[in-house]
Amino acid sequence: MTATRIGVTIVGMTLLLTSCTSASAGKSQGTVLLPDTARVHTTPVLHEQPAPSAWATWHGPGLVVSYPRQWHLTPFLGQPATVAFPLIHLSTAPLTGACASPHRAVQSRAGCFDATWPVAAAGVLVGWTKTEFPSLSVYQHAHGSRMAIDGRHAKLSDVVSADGTRTIIATIAVAPTRGDDVMVMTAQIGGQAPLQDVQDIYQMLESVIISDR
């Protein structure tokens, strides 16, 4: 298998781990590959700025994320994969099932992050995952427009599928000179979700803090 094919496989796996939507095997791949049934949304310029003071903040390994206080945070407690390490999910509605269990053992047995959480038509589901794949630049093979997020090299794609679901994916290089260690945010926004939810996701990206640890 060539390096390019390996890169596409790893990026695709990372997006599957973070998006967790129903029928994500077809929807996520279709969105990432930009088929004729999807349209690319204009990507705004991101400016680094602090999160609103009313927002809540989550501190995790190598990641500090602020988000609207009314959103629900679901940490990942199960066993991570060998190259992808899911961290948290943020959602406008509470998540249920084994993946949302507060017990680590339950999550581990359930095989979480296997496309069991659909995004509601008026809802939002956001996943943050850290991916480490030595000797392969995951960042290089990622899709999207080049930009800086938290002063780091990043790629961002914003695509609306035929069913109206909007997918925003940010792939951020953790180290300044390497692309094998990345932080990936995948946001699924339902077709009936308010524009404010989309704006909040971009504001999250403008205020995120990433560290190489």
Check your understanding: Which one of Val182, Val208, Ile172 satisfies the side-chain contact (heavy atoms from CB on, under 4.5 Å) criterion with Arg152?
Key ->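 The side-chain contact (heavy atoms from CB on, under 4.5 Å) with Arg152 is passed solely by Ile172 among Val182, Val208, Ile172.
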
So which heavy atom on [X] is nearest to which on [Y], and how close?
X: Trp55; Y: Pro68; value: CD2-N, 3.6 Å
X: Ser91; Y: Ala93; value: OG-O, 2.7 Å
X: Ala170; Y: Leu205; value: CB-CD2, 3.9 Å

Roughly how far, to the nearest 0.5 Å, is [atom2] of [Y] from [atom1] of [X]?
X: Leu87; Y: Met185; atom1: CG; atom2: CE; result: 13.5 Å
X: Asp150; Y: Leu63; atom1: CG; atom2: CG; result: 9.5 Å
X: Tyr202; Y: Leu156; atom1: OH; atom2: CG; result: 5.0 Å
X: Ile201; Y: Trp71; atom1: CD1; atom2: CH2; result: 4.5 Å
X: Ile149; Y: Leu46; atom1: CD1; atom2: CG; result: 5.5 Å
X: Thr131; Y: Met183; atom1: OG1; atom2: CE; result: 9.0 Å

Is [X] reaching over with its side chain to a backbone N or O of [Y], donor-acceptor style, under 3.5 angstrom?
X: Glu48; Y: Gly151; result: yes
X: Thr92; Y: Val124; result: yes
X: Arg69; Y: Ala54; result: yes

Practice item. Could you give me the CA-CA distance, side-chain angles and deciding distance for Phe76 and Thr129, then say whether side chain to side chain contact (heavy atoms under 4.5 Å, CB included) is met? Key: CA-CA 10 Å; Phe76 178 71; Thr129 296; over 6 Å; no

Exercise for review: Dump the intermediate steps for side chain to side chain contact (heavy atoms under 4.5 Å, CB included) on Ser66 and Thr57, then the final yes or no.
Suggested key: CA-CA 4 Å; Ser66 296; Thr57 302; 3.0 Å; yes

Review point. Does Phe85 share a hydrophobic cluster with Ile209, counting links as ILVMFWY side-chain heavy atoms below 4.5 Å and allowing steps through other members?
Key: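 No, it is not one cluster - the side chains of Phe85 and Ile209 are not joined through contacts under 4.5 Å.
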
**Study point:** Transitive ILVMFWY side-chain link Ile210 to Val64, under 4.5 Å
**Key:**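 Hydrophobic grouping puts Ile210 apart from Val64.
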
**Study point:** Check against side chain to side chain contact (heavy atoms under 4.5 Å, CB included), Lys155 and Ile169
**Key:** CA-CA 8 Å; Lys155 290 182 180 179; Ile169 302 172; over 6 Å; no

Going by heavy atoms in the side chains, are [X] and [Y] under 4.5 Å from each other?
X: His143; Y: Val159; result: no
X: Ile88; Y: Tyr67; result: no
X: Met204; Y: Leu90; result: yes
X: Pro52; Y: Gln203; result: yes
X: Leu95; Y: His72; result: no
X: Val65; Y: Val126; result: no
X: Arg166; Y: Val198; result: yes

Practice item. Verify the distance criterion only: is there a donor paired with an acceptor across the side chains of Asp163 and Ser161 at less than 3.5 Å? Key: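 Checked: Asp163/Ser161 side chains show no N/O donor-acceptor pair below 3.5 Å.
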
